[in-house]
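Below is one structure, written out as structure tokens; the observations come after it.
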Amino acid sequence: MPAVRGDGMRGLSVFISDIRNCKSKESEIKRINKELANIRSKFKGDRTLDGYQKKKYVCKLLFIFLLGHDIDFGHMEAVNLLSSNKYSEKQIGYLFISVLVNTNSDLIKLIIQSIKNDLQSRNPIHLNLAMQCIANIGSKEMAEAFGYDIPKLLVSGDTMDVVKQSAALCLLRLFRTSQEMIPSGEWTSRIIHLLNDQHMGVVTAATSLIDALVKKNPEEYKGCISLAVSRLSRIVTASYTDLQDYTYYFVPAPWLSVKLLRLLQNYSPPDDPGVRGRLNECLETILNKAQEAPKSKKVQHSNAKNAVLFEAISLIIHNDSEPNLLVRACNQLGQFLSNRETNLRYLALESMCLLATSEFSHEAVKKHQEVVILSMKMEKDVSVRQQAVDLLYAMCDKTNAEEIVQEMLNYLETADYSIREEMVLKVAILAEKYATDYTWYVDVILNLIRIAGDYVSEEVWYRVIQIVINRDDVQGYAAKTVFEALQAPACHENMVKVGGYILGEFGNLIAGDQRSSPLVQFQLLHSKYHLCSPMTRALLLSTYVKFVNLFPEIKHNIQEVFKQHSNLRSADAELQQRASEYLQLSVIASTDVLATVLEEMPAFPERESSILAVLKKKKPGRVPENEIREGRSPNPAPSANHTEAVSHSKPSTVSANASADLLGLSTPPASQTAAPSNTGMLVDVLGDMYGGQQQTQQNNSFAAAQSYNPKKFVCKNNGVLFENDLVQIGVKSEFRQNLGRIALFHGNKTPFPLQNYETTISSPGDLGSKLVIQVKPMDPVLEAGAQKLQVLNAECVEDYIDSPSMNISFIYNNVPQKINVKLPLTINKFFEPTEMNGESFFARWKNLGGEKQRAQKIFKATPPMDLVAARTKVMGFGMQLLDGIDPNPDNFVCAGIIHARSSQIGCLLRLEPNKQAQMYRLTVRSSKETVSQEICELLADQF
């Protein structure tokens with residue numbers, strides 16, 4: 001059949017029709033193989049193929065590839081099409097190259113040369129085709145080859161508008177690949193002034209580019225503020241008839257308006273009064289237009305109008321400087337709470353969460369409390385109900401705390417299972433923060449346990465125990481209330497734990513009432529014993545031995561229980577040992593010894609509650625600000641007194657989260673002096689955070705206290721960084737996105753002052769420019785037995801390898817001393833955990849399959865493999881551990897995003913343990929080769 005001239009390509013149409021008519025997979029493959037053989041023979045044998053025939057066959061190859069079949073020839077013919085002057089042939093050539101040519105191909109140099117030829121052409125169609133291909137491939141080689149040509153086209157005065165648009169978007173694509181390619185200096189102002197271009201399409205494309213450039217170097221592009229405000233003002237005040245080509249359903253240039261508003265959110269409010277006033281006028285105009293009657297009933301009109309409105313409100317919230325605008329924005333959002341559109345209600349609640357944190361608009365948000373409570377109860381969509389809970393949490397203060405907490409408790413009984421745990425944490429936080437009467441707080445927590453016991457984490461009931469122990473005025477009420485709660489037929493195990501603990505300490509305060517006599521208390525608790533887990537049984541045994549001291553009259557009853565569980569009747573070795581020891585203690589010890597050993601728990605040191613840290617870990621990045629800044633919640637376990645039961649069953653449950661304050665750092669005073677012990681050792685004020693070590697363990701010789709292992713801080717944030725005979729350096733660090741704060745506690749363990757105490761930071765290579773560290777100076781004298789705090793602020797500018805060191809020098813006993821320690825500032829500290837489902841994970845995993853995107857290491861387990869310990873290390877590494885994703889339950893898969901000022905780098909990880917071979921295989925994939933390798937090396941060293 002003779003070739004048909006023109007763009008119809010009848011042969012391609014016939015081939016596609018044949019494929020569609022195939023009845024089975026086998027017949028389709030047979031037809032494809034026949035066509036591939038025909039095309040191969042044409043390319044090899046017929047040297048006189050014209051442009052049309054090459055285009056047709058290349059098109060067929062492209063179609064076959066899109067059907068899922070591999071194509072291993074035809075690339076050269078596609079490259080030849082690039083030199084054609086016909087649009088259709090050149091278009092197919094570029095399309096084939098964009099889809100099928102690998103960046104490592106031998107043909108890449110030929111392709112780059114062909115693209116360069118087209119970039120020098122004056123034909124705008126050829127120029128656009130070339131730039132579309134560059135953007136589609138977007139490799140580093142492309143960025144290096146065209147890093148000068150594209151910016152030149154963008155700012156050239158004789159470049160057509162349609163080409164400028166493509167150049168701006170092409171440059172944006174290359175900038176995301178290689179951020180070093182954008183020239184600075186005079187180019188900066190020329191790029192910024194594209195915001196003044198007459199062509200709206202050029203301005204739209206340039207705004208996207210400038211927004212990306214501003215995120216990397218905000219100071220250099222600060223001149224864009226006034227131009228962006230000016231352009232925004234012209235759009236906002238324009239009628240929809242003024243910008244006809246860029247008006248979407250009666251809304252002038254909505255996409256450009258949104259981009260400009262987002263661009264302005266990269267900066268604080270303008271310093272220039274004129275620019276600031278003009279911006280406020282724009283925002284007021286947008287709010288006014290939202291009140292106007294719609295010009296169209298179509299959904300596209302309301303979508304465009306609301307998109308601009310919500311972005312304007314985001315800018316108002318970001319600036320947080322105009323009370324009038326903030327209140328108006330709040331009132332506008334309040335109207336959306338009753339809108340029929342679910343998405344609008346959701347967005348309104350989300351924005352009001354941010355408004356609730358502003359001092360100017362907090363009261364205005366509280367006016368909508370009843371509507372928000374109704375949304376929490378009545379909304380059909382669970383995500384909207386979740387957002388309503390977040391807003392109630394954000395708007396809560398002393399005036400409405402009791403009402404909000406009660407409403408949340410009422411709703412908790414019927415709440416979706418997916419949000420119950422988060423609600424429990426929020427209720428516990430609010431109840432503690434705004435409790436004026438701690439009897440109310442006790443009631444709230446016990447109600448939480450009764451209503452949603454399965455969702456009450458250990459941190460919640462640890463915290464209520466600490467508060468009861470520390471406050472004498474609430475102890476009797478707590479004992480009475482928990483005794484009444486335990487009388488319910490169905491009682492949650494967490495209630496038994498709280499009841500056992502409180503009655504063991506303060507049961508004597510209610511023992512005078514016959515209804516809660518010592519024997520009744522004991523029988524009530526023991527009636528729950530057989531229904532509980534071994535951990536709770538261990539706690540109850542500790543309660544019983546406390547009763548021996550509190551109530552000698554029931555000593556015989558308790559000893560009978562100890563006898564029963566000290567023999568083989570109890571299958572749990574821990575319970576057997578505990579019962580045996582308690583039995584012997586109750587038999588042998590005198591009354592005075594019993595009273596000493598089993599005395600009442602001392603008050604816990606006041607610390608910030610750990611519940612907020614747990615909440616932030618559950619929902620990273622979306623917990624509204626309403627933080628408790630009072631004392632931390634310790635785990636009751638460390639006491640050797642009552643809760644030995646807890647500590648035996650679950651060693652050291654104080655986690656790193658218990659001290660997390662995420663840059664709201666409530667750090668101790670700048671200078672802390674600890675009294676030296678009788679051996680001259682420094683009291684370690686951090687010891688209670690770092691693994692629960694007791695101070696009694698410090699009564700060793702100086703030589704035994706030497707330690708330095710920087711690798712252990714890859715997976716933990718707190719601990720003793722360095723220790724020798726002279727000094728102890730503790731560390732407590734916190735990170736949020738690309739910011740970190742490290743508190744170093746320098747302690748003098750000697751009986752003499754350390755003179756000329758100085759610290760300097762040393763960063764190898766170019767690390768100093770990639771990781772910016774600010775250090776607060778210290779006093780040059782560190783007194784004997786004293787401990788002083790030094791705070792370091794760190795900002796990750798871009799990804800890096802290695803970590804900085806601190807050089808410490810001082811004079812001890814007239815002898816100069818020098819110490820060098822690695823700071824715990826490895827790149828993984830800037831991870832944000834990322835939740836993903838299985839489908840998303842493996843899709844992303846497949847996309848990051850390039851050689852330069854992955855790193856893998858196979859290594860032997862040292863010490864012997866322990867999957868529980870491995871899990872702890874992986875969780876401490878900073879990424880989100882994704883359970884239930886990998887088909888092999890022993891494998892660990894994680895996801896996270898490394899935050900730097902200049903970029904965000906997604907990272908996936910898979911750790912595969914082989915128990916039989918005692919080997920690990922660790923695979924890391926990310927969008928940047930150096931990151932994959934560094935993360936792989938850091939984590940592999942932990943095993």
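One side chain, Lys259 or Ser208, offers a donor N or O that lies under 3.5 Å from an acceptor on the other. Side-chain contact annotation: Gln904 with Gln737, donor-acceptor N/O pair under 3.5 Å absent. At a cut-off of 3.5 Å, with distance as the only test, a side-chain donor of Asn837 or Ser840 sits close to an acceptor on the other residue. Using a 3.5 Å distance cut-off with no hydrogens or angles, the side chains of Asp799 and Thr930 do pair a donor with an acceptor. Remark: the Glu220 side chain and the Thr188 side chain contain an N/O donor-acceptor pair separated by less than 3.5 Å.
Residues Ala388 and Val372 share a closest heavy-atom pair of O-CG1, 3.6 Å. When every heavy atom of Leu261 is checked against every heavy atom of Leu283, the shortest pair comes out as CD2-CD2, 4.1 Å. The nearest pair of heavy atoms linking Arg844 to Ser927 is NH2-CB, 4.5 Å. Lys295 approaches His301 most closely through the heavy-atom pair N-NE2, 3.3 Å. Minimum interatomic distance between Val214 and Cys224 (heavy atoms only, all atoms of both residues): CG2-SG, 4.1 Å. Closest approach of Met131 to Ser166, counting heavy atoms only: CE-CB, 3.7 Å.
Using a 4.5 Å heavy-atom cutoff, the side chains of Arg901 and Glu798 are not in contact. Put simply, the side chain of Tyr94 does not reach to within 4.5 Å of the side chain of Ile134, judged on heavy atoms. A heavy-atom distance below 4.5 Å is found between the side chains of Gln291 and Gln332. When side chains are defined from C-beta on, Asp161 counts as touching Asp197, because their heavy atoms get closer than 4.5 Å. Using a 4.5 Å cut-off on side-chain heavy atoms (C-beta onward), Val229 and Arg276 make no contact. Between Leu325 and Phe360 the shortest side-chain heavy-atom distance does not fall below 4.5 Å. Proximity of Arg231 to Leu260: side-chain heavy atoms (C-beta onward) are separated by under 4.5 Å at one or more points. Counting only heavy atoms from C-beta outward, the side chains of Ile286 and Val236 approach each other to under 4.5 Å.
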Going through the distances and angles, do Ile137 and Ile97 end up as a side-chain contact (heavy atoms from CB on, under 4.5 Å)? CA-CA 9 Å; Ile137 295 175; Ile97 287 165; 3.9 Å; yes
So Ile115 and Phe146, side-chain contact (heavy atoms from CB on, under 4.5 Å) or not? Walk me through it. CA-CA 9 Å; Ile115 293 174; Phe146 304 109; 3.5 Å; yes
Show, in sequence, the C-alpha distance, side-chain angles and deciding distance for Leu154 and Leu209, and conclude whether the side-chain contact (heavy atoms from CB on, under 4.5 Å) test is met. CA-CA 11 Å; Leu154 176 61; Leu209 173 63; 3.7 Å; yes
Give the intermediate values and the outcome of side-chain hydrogen bond (donor to acceptor under 3.5 Å, both in side chains) for residues Gln774 and Glu795. CA-CA 9 Å; Gln774 297 176 342; Glu795 180 183 14; over 6 Å; no
Go through it in stages, so that I can follow the logic: the residues are Lys152 and Asp149, the test is side-chain contact (heavy atoms from CB on, under 4.5 Å), and I'd like the CA-CA distance, side-chain angles, deciding distance and then a yes or no. CA-CA 5 Å; Lys152 186 179 176 183; Asp149 298 322; 5.6 Å; no
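Remark: side-chain polar atoms of His362 are not paired, donor with acceptor, to backbone N or O of Thr357 under 3.5 angstrom. At least one donor-acceptor pair under 3.5 Å links the side chain of Asp272 to the backbone N or O of Val275. Put simply, the side chain of Tyr267 gets close to the backbone of Pro218: a donor and an acceptor are under 3.5 Å apart. Proximity of a side-chain donor or acceptor of His318 to a complementary backbone N or O of Gln265 within less than 3.5 Å is detected. Distance alone, capped at 3.5 Å, places no donor-acceptor pair between the Arg741 side chain and the Ala794 backbone. With hydrogens and angles ignored, the 3.5 Å screen pairs a side-chain donor or acceptor of His193 with a backbone N or O of Ser189. The backbone N or O of Ile317 sits nowhere less than 3.5 Å from a side-chain atom of Asp320 that would complete a donor-acceptor pair. With hydrogens and angles disregarded, a donor-acceptor distance shorter than 3.5 Å links the side chain of Thr159 to the backbone of Leu153. Checking side-chain atoms of Ser98 against main-chain N and O of Asn136 turns up no donor-acceptor pair under 3.5 Å.
Under a cutoff of 6.0 Å and an axis angle of 45°, Lys398 and Tyr434 do not form a cation-pi pair.
With values rounded to the nearest 0.5 angstrom, Ile898 atom CD1 is found 7.0 Å from Ser926 atom OG. Rounded to the nearest 0.5 Å, atoms CD1 (Ile429) and SG (Cys396) are 11.0 Å apart. Atoms CG and CE, from Leu392 and Met352 in turn, are 10.5 Å apart once rounded to the nearest 0.5 Å. Taking CZ of Arg328 as the reference point, atom CD of Glu322 lies at 12.5 Å (rounded to 0.5 Å). For the atom pair Ser302 OG and Lys297 NZ, the distance stands at 13.0 Å (nearest 0.5 Å). Note that CE of Met142 is 5.0 Å distant from CD1 of Ile112, once rounded to the nearest 0.5 Å.
Residue Lys305 qualifies as enclosed at atom NZ: its count of foreign heavy atoms under 6.0 Å is above 12. For CD of Gln198, the number of neighbouring non-hydrogen atoms (other residues, nucleotides, ligands) closer than 6.0 Å is 12 at most. By the neighbour-count criterion of 12 heavy atoms within 6.0 Å, atom NZ of Lys298 is sparsely surrounded, having that number or fewer from other residues, nucleotides or ligands.
Checked against a 6.0 Å centroid threshold, the rings of Tyr246 and Trp255 do not count as neighbours. Taking the centre of each ring, Tyr346 and Phe336 stay at or above the 6.0 Å mark.
Under the 4.0 Å criterion applied to side-chain N and carboxylate O atoms, Asp397 and Lys366 are assigned as salt-bridge partners. With salt bridges taken as basic N to acidic carboxylate O contacts below 4.0 Å, none links Lys367 and Glu363. Salt bridge Arg736/Glu832: absent, no basic N to carboxylate O contact under 4.0 Å. No salt bridge links Arg262 with Asp211; every basic N to acidic carboxylate O contact stays at or beyond 4.0 Å. Between Asp381 and Arg385, none of the side-chain N atoms (NZ, or NE/NH1/NH2) sits under 4.0 Å from a carboxylate O, so this pair counts as no salt bridge.
Evaluation of the side-chain contact (heavy atoms from CB on, under 4.5 Å) rule for Gln179 yields Phe175, Lys216, Ser902, Ser903 as partners, not counting sequence neighbours.
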